[in-house]
Student: 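Here it is, the structure in full.
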Amino acid sequence: MDVSKKLRGTVRIQEAPMTDVKVMGSQESEIAPGVWQHAPGVVTTSLQTALNWGRQNSMWYLTFGLACCAIEMMATGGSRYDFDRFGMVPWPSPRQADLMIVSGTVTEKMAPRVRTLWEQMAEPRYVIAMGACATNGGPYHQGYNVVDGVDKVIPVDVYVPGCPPRPEALLYGVVQLQRKINVAGKQEPEKQKQEKVESEAVKEDV
Amino acid sequence: MSEIEARRLKAEEVGHEKLILNLGPQHPSTHGVLRVITTLEGERITEAEPDIGFLHRNFEKIVEGWTWSQVIPLTDRNDYLANINNEHAYVLAVEKLAGIEVPERAEYIRVIMSELNRIASHLLTFGTFAMDMGAFTPFLYGFRERELLYDIFEKVTGARMMHNYVRLSGVRNDLPDGWDKEVLEFLDRLENDVIPDYYDLLIKNPIFEARSLGVGVLTKEDAIAYGAAGPILRGSGIDWDLRRDMPYSIYDRFDFEVITREEGDHYARFMVRMDEMIESAKIIRQAFEQMPEGPVMGKVPRVLKPEGDIYSAVEGPRGEIGVYLVGDGNFKPYRVKWRAPSFSNLSILPLMAKGQFVADIVLTIGTLDPIFGEVDR
């Protein structure tokens, strides 16, 4: 497989009309905007905690099955593993969904649609790349029509490996995402504090 | 002319009396990534055009660069609800081409696993068909039993879905001790508790009957003309099952019925699937009784370089899974052509949807039960 063919997936998607090309190709996910941006302080931090608590315990996921992993996603939503324990409800419309579980191979024909669906979701929105195909193309990475990972199209928060991942693995991925949501908006004050300490240390040195 | 402009022109042609409605590719009831462009006149569909290819992941091209045995794990992922059946189809073709012999015990294990997989697939179809109808609970019931089957598979193959279990000249490992008892227990449960439960829950329900009886009728002639396969074909009254009519492996040693229904509507196709589960259970019981002791792997030549071409088919849960192989005396296949039953079944959709209510096209897709890993390959 020569490199030009492998890159083609990325290039062609970039040619497709996209409203926001800033995040193209970046693997960094966007951090949910926090209230601290407007007024950092003790009160807003408590508000942020409340918001995060709400967000992490009621993630409605888009019913969006792409391939084989969708069956395991359905199994996770089914009787034994029961996604509902985490407050996760399958939701057919992207407008009200919080989480997109990309469950399967993303092809060049499907990639613009995945992007559109992601754009239709309201912020804060989260993406889980489920399985090897959504992570990096998996067993089909040689294919001329296969996008090597959904992170070429949309930013991803959590990668769940496996082909397909077991429901336990997907649940663990969801728990990781909950942890990520839980610290959103809280890191910034700590970072500022650290910078302050560092700058004071520099002053002392001088 | 871009696709959008073409659609706009088509819309102008169609005029104000008709409406073009786009279903999918992200739609909760399309069973994967299917897009259907429907033209409506009021509530009725005048034209339905399926748009496929959203999951075209180049299976046939990729495997041309792989060795004969490396292909097996990818066949799992073609029809991802009938994994063992797919492996069986491919392995049988290679074995015929290369003249490899299979030990008898391995043949029995393959049959047992294939039939269990057929039950698992029909259980999911039961759940999703009910979900298309608006009933969510049967889906949970279907998955309750599927989880038990996953456990059974996992004890033998180590995986829930993608088994990679059937190997050239046999199967990977023998059955674990006490496994047959578990399977028989499951089958007892299926026949005595689960399926009667399903009748009470769903099939006797007047809403279910109203929405499926006499809806989406497919005549015998159309079924043959469109190359329908599996339960779709047998639901239209055609008595054809590869397991009986062109017996492969050891299927000629079992006594079972081929379920057919004359009506050709949604109800008939649904009931064919329900009854096939019981027939599969029958085959598994017989296989356990007849199964001999012995090795599960035969001898495979170290260098496998078969030459020639071959077509070989098995009866999967959705119909005839056909594999056409061409070997040019190399260690990898020259061509692998996959004849997918879902693909030919999906081609009936425009015919069946024509004249239906728009609410019924969801059920029509559900009853055709296409799997897009297999349609697009």
Side-chain angles (χ1 to χ4, degrees), chain A residues 1 5 17 62-72 74-82 84 90-94 97 100 102-114 116-118 120 131-133 137-147 162-169, chain B residues 2 4 24-33 35 51-66 70 73-74 76-81 83 120-121 124 127-128 131 136-137 139-148 150-151 154 159-162 164 371-373 376-377:
Chain A
M1 198 77 204
K5 269 188 185 173
L62 189 62
T63 51
F64 178 48
L66 278 173
C68 336
C69 288
I71 306 294
E72 284 296 66
M74 282 153 78
T76 321
S79 347
R80 186 182 285 182
Y81 294 96
D82 197 10
D84 272 6
W91 201 254
S93 162
M100 179 194 255
V102 185
S103 53
T105 321
V106 183
T107 59
E108 286 197 23
K109 189 170 179 180
M110 196 62 203
R113 271 86 171 175
V114 174
T116 312
L117 282 169
W118 179 79
Q120 283 173 346
C133 290
Y140 293 96
H141 72 284
Q142 301 173 347
Y144 53 85
N145 195 34
V146 175
V147 177
C163 188
R166 298 176 60 91
E168 291 95 332
Chain B
S2 74
I4 299 170
Q26 185 265 332
H27 191 275
S29 68
T30 50
H31 288 224
V33 279
R35 176 180 174 215
D51 178 10
I52 60 169
F54 289 101
L55 197 56
H56 175 52
R57 42 189 186 181
N58 336 116
F59 161 76
E60 289 174 0
K61 188 67 192 169
I62 290 175
V63 297
E64 281 172 18
W66 293 6
Q70 277 177 334
L74 270 201
D76 265 340
R77 289 156 179 80
N78 272 342
D79 179 352
Y80 38 81
L81 289 174
N83 321 84
S121 170
L124 189 99
T128 51
M131 200 156 71
F136 187 71
T137 324
F139 169 78
L140 297 176
Y141 277 84
F143 258 99
R144 186 187 64 182
E145 267 67 59
R146 262 182 81 87
E147 289 291 344
L148 296 177
Y150 278 148
D151 287 349
E154 209 178 340
R160 283 162 58 91
M161 273 176 68
M162 304 303 177
N164 191 12
I371 296 297
F372 283 86
D376 300 333
R377 297 190 287 283

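Chain letters run A, B, ... following the sequence lines, proteins first, then strands; residues in each count from 1.
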Student: Using non-hydrogen atoms only, which part of B:Arg57 is less than 4.5 Å away from chain A: side chain, backbone, both, or neither?
Tutor: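 It is both, since atoms from each part get that close.
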
Student: For the CZ atom of B:Arg146 and the CD1 atom of A:Ile71, what is their distance to the nearest 0.5 Å?
Tutor: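 The CD1 atom of A:Ile71 is 6.5 Å from CZ of B:Arg146, to the nearest 0.5 Å.
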
Student: Among B:Met161, B:Met162, B:Arg160, which residue forms the greatest number of heavy-atom pairs with chain A at distances under 4.5 Å?
Tutor: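 Heavy-atom pair counts peak at B:Arg160.
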
Student: Side chain from CB out, backbone as N, CA, C, O: work out which of these in B:Glu154 comes under 4.5 Å of a heavy atom of chain A, or both, or neither.
Tutor: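 Just the side chain, heavy atoms under 4.5 Å.
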
Student: Does B:Asp151 reach the side chain of A:Arg80, with side-chain heavy atoms less than 4.5 Å apart?
Tutor: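 The answer is yes; the side chains approach within 4.5 Å.
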
Student: Tell me every residue that passes side chain to side chain donor-acceptor pair (under 3.5 Å) with B:Asp51, counting only those two or more places apart in sequence or in another chain.
Tutor: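 A:Lys109, B:Arg35.
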
Student: B:Ala159, B:Gly373, B:Gly53, B:Gly65: which one forms the most heavy-atom pairs within less than 4.5 Å of chain A?
Tutor: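 Max contact count across the listed options: B:Gly53.
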
Student: Counting N and O atoms only, with roles assigned by atom type, does the side chain of A:Ser79 sit under 3.5 Å from a partner on the main chain of B:Leu140, one being a donor and the other an acceptor?
Tutor: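 Yes; at least one donor-acceptor contact below 3.5 Å.
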
Student: For A:Pro90, is it the side chain, the backbone, both or neither that has a heavy atom under 4.5 Å from a heavy atom of chain B?
Tutor: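 Looking at A:Pro90, nothing touches chain B.
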
Student: According to ring-ring contact (aromatic ring centres under 6.0 Å, His included), who are the partners of A:Trp91, at least two apart in sequence or on a separate chain?
Tutor: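 ring-ring contact (aromatic ring centres under 6.0 Å, His included) check on A:Trp91 returns A:Trp60.
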
Student: Rounded to the nearest 0.5 Å, how far apart are CG of B:Leu55 and SG of A:Cys68?
Tutor: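 So the CG of B:Leu55 and the SG of A:Cys68 are separated by 7.5 Å.
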
Student: Measure distances from B:Ile371 to the heavy atoms of chain A and classify the residue's part below 4.5 Å as side chain, backbone, both or neither.
Tutor: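 Neither part.
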
Student: Which bit of A:Ala75 is near chain B, if near means a heavy-atom gap under 4.5 Å: side chain, backbone, both or neither?
Tutor: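 Both backbone and side chain.
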
Student: Indicate yes or no for a side-chain donor-acceptor contact from A:Thr107 to the backbone of B:Phe54 under 3.5 Å, with no hydrogens or angles considered.
Tutor: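 Indeed, once roles are kept as given, a pair shorter than 3.5 Å links the two residues.
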
Student: Measuring only between side-chain heavy atoms, which start at C-beta, is B:Arg77 closer than 4.5 Å to A:Thr105?
Tutor: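 Of all side-chain heavy-atom pairs linking A:Thr105 with B:Arg77, none is under 4.5 Å.
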
Student: Should we count CZ of B:Phe59 as having more than 12 external heavy atoms under 6.0 Å?
Tutor: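 Buried by this count: over 12 neighbours within 6.0 Å.
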
Student: Backbone N or O of A:Tyr144 within a donor-acceptor pair of the B:Asn58 side chain at under 3.5 Å?
Tutor: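 Confirmed, B:Asn58 side chain pairs with A:Tyr144 backbone.
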
Student: Got A:Glu72 and B:Tyr80 here, is their nearest side-chain heavy-atom distance under 4.5 Å?
Tutor: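 Side-chain contact under 4.5 Å: no.
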
Student: Could you check if a side-chain atom of A:Met110 sits within less than 4.5 angstrom of a side-chain atom of B:Val33, using non-hydrogen atoms only?
Tutor: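 Answer yes - side chains close enough.
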
Student: Please report whether the ring centroid of A:Tyr140 lies less than 6.0 Å from that of B:His56.
Tutor: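 No, ring centres 6.0 Å or more apart.
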
Student: Work out which heavy atom in B:Leu74 is nearest to a heavy atom in A:Pro139; give both atom names and the distance.
Tutor: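 Taking B:Leu74 first and A:Pro139 second, the nearest heavy atoms are CD2-CB, 3.8 Å.
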
